[in-house]
Structure formats: structure tokens, C-alpha cells
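Written out below as C-alpha cells is the structure these notes cover.
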2 protein chains.
Amino acid sequence: MSYSPAHKERTRRRILESARRFLKEQGLGGVSVDSLMAGAGLTRGGFYAHFSSKDELVAAALDDTVLLGFLQKHKSGGTPEPVHWTRAVLEEYLGPLHRDQPATGCPLAIHVGEITLAAPQARAVYTNLVKEVATELAGRLPRNAQKTSSEALAILALIVGGMALARGVNDTELSDAILAACREAISDL
Amino acid sequence: MSYSPAHKERTRRRILESARRFLKEQGLGGVSVDSLMAGAGLTRGGFYAHFSSKDELVAAALDDTVLLGFLQKHKSGGTPEPVHWTRAVLEEYLGPLHRDQPATGCPLAIHVGEITLAAPQARAVYTNLVKEVATELAGRLPRNAQKTSSEALAILALIVGGMALARGVNDTELSDAILAACREAISDL
DNA sequence: TGTACATCAGTGAACGCGCGTTCACTGATGTAC
DNA sequence: TGTACATCAGTGAACGCGCGTTCACTGATGTAC
């Protein structure tokens, strides 16, 4: 034997963490294997002991949702969370803190737009994330028959679009106004 | 004299048209000077007689909004358009036809996300588009003091986010559901 | 417990390729006579 | 009206560079004895 399987697994995770960070900071097309391996404290050649291609890594790195984690964070508490708590999560999501920390932010918002042109594997992962988040969100809205799942999708579009717009715009005042407008729209649920 | 100034202007426009198309189809980072010049019926070297760099071209090509054109299309008619007409425009914007024709679609939706990482010139153009569209939209909503401009921003976030999500997702049914959900949210204004 | 060995995660030079940009050129054009 | 000329939009080969991937290697590791 050379190294333990656990050692390899740990390295793989380090590469993935580095990739998630860099991909969010510099976009799906803007990160080189070189830089992301350096970010994990390794050199380029070693990459292919863990992933068969960059496309595979990108798909693997995408599989991580901040929003989903957020929503489920307190789920194990036992009692179902009240609707206003869900609202609070959404408003935190639409906050300037999240906007200014893309490296640890929600990939749904960061990679929207880019994902359309990404490799099929990456799109498939992204699509699943959308479904999971929409389902989780729908389960936390006030129940009005099947309207709930449609509302969840609209809310997702609003928060993802609002965050992406707020990040894209080159004007802090406008960016703040966009986030505030979306928070207000959410509170009128 | 060599060619007439009008000839040069026409060529410049041809390059811009080709660029807009390719940029929308393949993203801000996915288009080569080579391919976009070929799309305009020219070869790479000629590019620099019209633009000083690719960044400059991208910024120039971004300056074009389908939504703004839509909203203003009937403005010269004289009578102010009723609110329900604006709603109809927004619902057409959120339609599958628009989704499936990105090459001629609204750059606000297509380039959201990508624009965060683009060159400063491009971000500035994009920011101005957002401001223009938001203002135009606010002027067409029912007037409730200053809430109107906030509402316009939220609507913009919703339709841009909805279109981007609908395009990003790898599942036609889900994509249709997202668009329908956003249209419904709009009709509840 | 100590040593010799086989494994394979990780190294770093090298590859072929496409990119943005440069540059010496060419040839269609409008002007001067 | 016809011809010689100067201009410069457009050509296409060439450049330097960074990329994803390959590959011969090395050296830290766990195992067998």
C-alpha cells in the first residue's frame, strides 16, 4: 500500500473545496486546473489521480447549496419551523453579507446564466439543486393546494435573480436598492 | 480617400451585430475575435480597424436591450399605455419563445451572472441598462408614491432571474414551470 | 522491533491547441489632374 | 471622360501566452517478513 484511502479522500475534498471557492470567485470558465490545485496546496499533475477531467470536477464542485443548508439547518430541531422563520432565511439570503461573500455564497445565484453554457454534467447537477431547493421551499410556505410549488419557483427566481443583478451592477446604491426591493417583495408573500 | 466613411460605419455595425449574436449564444467569455469576424464575413486582422480591443467591443455590443425596446415600442403612439399592456409585455418576455431564442433575446437576462466578472466597461454598460429599464418600467406601473421604483426593481429581478433559471435548467418541464410561475407572480402585482 | 519492498499520490516538464493582438501586405476605392 | 495616384479597410501569417492533459519520475507510506 502507499497512502491510506482516507488520505486520498481528504485530498479529494481539499481539491473540491478549493474548486468551489475559485469557481464562485472567478466563474465556471475562469478557473485553471493549475490555480485550483495550487489553492489546495498541490501541483497540476496530481489532479488526474482524483478526477478524470475538469468537467467532472466542475460538476462535482457544483453539488453544494448554501440555501438548502440554510433551510435545513434547524430542521432537525423537531418542531416545524414557522413561515416567518423561512421568510427570515430568505431575507438573510438577500442581504449584503451574502452578496459580498460570493466565495462562500449560494452556487444557484452565482452560476445562474453561466450554467446554460456549461457541460451537461454540470447542468444536470444544477437542475437537481433547483428541484431540491424548490421542494424544500414549497414545504415551508403556507399551504394553498398546488399553488405552493409555483410560488416556490417564483420566489427562487426572485432571490436568485435579485442576488445576481445586485452582484452584476456596478453601483453600490443601486445594488442595495435591488436587494431591498426583493426583500420587500418577499415580505408581501 | 479609400472607402467612404459610410462603408466603414456599415462594417462596424455588421461586426457589432455578429458580436451580439455570438456573445448571447456562447457567453461573454466564449467568443473568439476570429469567429465573430467570420460571422461578419471578415477575417481577424480587420477587427482592430474598428475596435481597439475585444473588451471595448464587448462593452459596445452589450448596449442593446430587447426589453427596453419592447416597452418603448408603442410609446410614440401618443396615449399612455395601460398597466395591463405592460403586464402583457412582461408575460411575453417570460415566454418560451424568448427563452428559446437567446441569440436575439434580452442581454440583461442572458448576461446576468457573467457580468459580475466582466471588464469594468461592460459592467458600466450593463448597469446603465438596468437603470434605464427600471426607470421605464417604474413609469408604467400603477403609481403608489415611491414604492413604484422598488417594485420595478423586484419585477426586473423576477423576470431576469426567471428567464436565466429557465434557460439554465436541463429539464423542459421544470423550465416551463419556472416561466409559468413567474408569469403568475407578475399577474398578482 | 527492524528492514526491504511494492504501491501509487503527487511532481513538474512537455505536448498540442486556441486565443488576443501585431504587422507587413494588398487591392478596392475616391480624388486630382 | 480617362488615367495615375494616395489612402486605408481588410488580409492572413506570425507572435507570445495560458490552458487541459499526458507522462516519466520520485518519494512517503503501509505491509510482509
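In what follows, every chain begins at residue 1, and chains take the letters A, B, ... in the order their sequences are listed.
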#### Entry: Letter per nucleotide, 5' to 3', of nucleotides 28-33 of chain C [B base touched, S only sugar-phosphate touched, - untouched; heavy atoms, 4.0 Å]
SBBS--
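- Under the side-chain contact (heavy atoms from CB on, under 4.5 Å) rule, A/Met163 has a single partner from A/Leu158, A/Leu179, A/Ile110, which is A/Leu179.
- In this entry the distance linking CZ of A/Arg14 with C1' of C/dA9 reads 11 Å, nearest Å.
- Picking from D/dA9, D/dG20, C/dT21 the nucleotide with the shortest atom distance to the side chain of B/Lys54 gives C/dT21.
- Summarising the local packing, CD of A/Glu56 is surrounded by more than 12 heavy atoms from other residues, nucleotides or ligands at distances under 6.0 Å.
- The NE2-P distance, from A/His7 to C/dT7, rounds to 18 Å in whole Å.
- One can place CG of B/Leu57 at 10 Å from P of C/dT21, the figure rounded to the nearest angstrom.
- When the side-chain nitrogen and oxygen atoms of B/His50 are compared with OP1 and OP2 of D/dG10, one or more of them lie within a distance under 4.0 Å.
- Within residues 17-48 of chain A, the residues approached by DNA chain C to less than 4.0 Å at the level of any non-hydrogen atom are A/Leu42, A/Thr43, A/Arg44, A/Gly45, A/Gly46, in residue-number order.
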#### Entry: Bracket string, DNA chain C, 5' to 3' - pairs by Watson-Crick or G-U geometry under 3.5 Å, | interstrand
.||||||||||||||||||||||||||||||||
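- Residues A/Met37 and A/Thr43 fail the side-chain proximity criterion, which asks for heavy atoms closer than 4.5 Å.
- A donor-acceptor contact shorter than 3.5 Å is absent between the side chain of A/Lys24 and the backbone of A/Pro107.
- Counted by atom type alone, A/Ser35 and A/Ser32 present one or more donor-acceptor pairs between their side chains at under 3.5 Å.
- The NZ-P distance, from B/Lys8 to D/dT7, rounds to 15 Å in whole Å.
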### Query
Can you check side-chain contact (heavy atoms from CB on, under 4.5 Å) on A/Tyr126 and B/Leu165, steps first, answer last?
CA-CA 10 Å; A/Tyr126 188 92; B/Leu165 265 185; 3.6 Å; yes
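- Summarising the geometry, the separation between CZ on A/Arg12 and P on C/dG10 is reported as 13 Å, rounded to the nearest angstrom.
- Of all heavy-atom pairs between B/Leu137 and B/Ala152, the closest is CD2-O, 3.7 Å.
- A side-chain contact (heavy atoms from CB on, under 4.5 Å) with B/His111 is found for exactly one of B/Val58, B/Thr116, B/Val160, B/Leu23, namely B/Leu23.
- A 6.0 Å sphere centred on CZ of A/Arg21 holds no more than 12 heavy atoms belonging to other residues, nucleotides or ligands.
- With respect to B/Arg13 and B/Glu9, a salt bridge is recorded, a charged nitrogen being found less than 4.0 Å from a carboxylate O.
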### Task
Would you check, one step at a time, whether the test side-chain hydrogen bond (donor to acceptor under 3.5 Å, both in side chains) holds for B/Arg87 with B/Ser187?
CA-CA 7 Å; B/Arg87 201 127 62 193; B/Ser187 73; over 6 Å; no
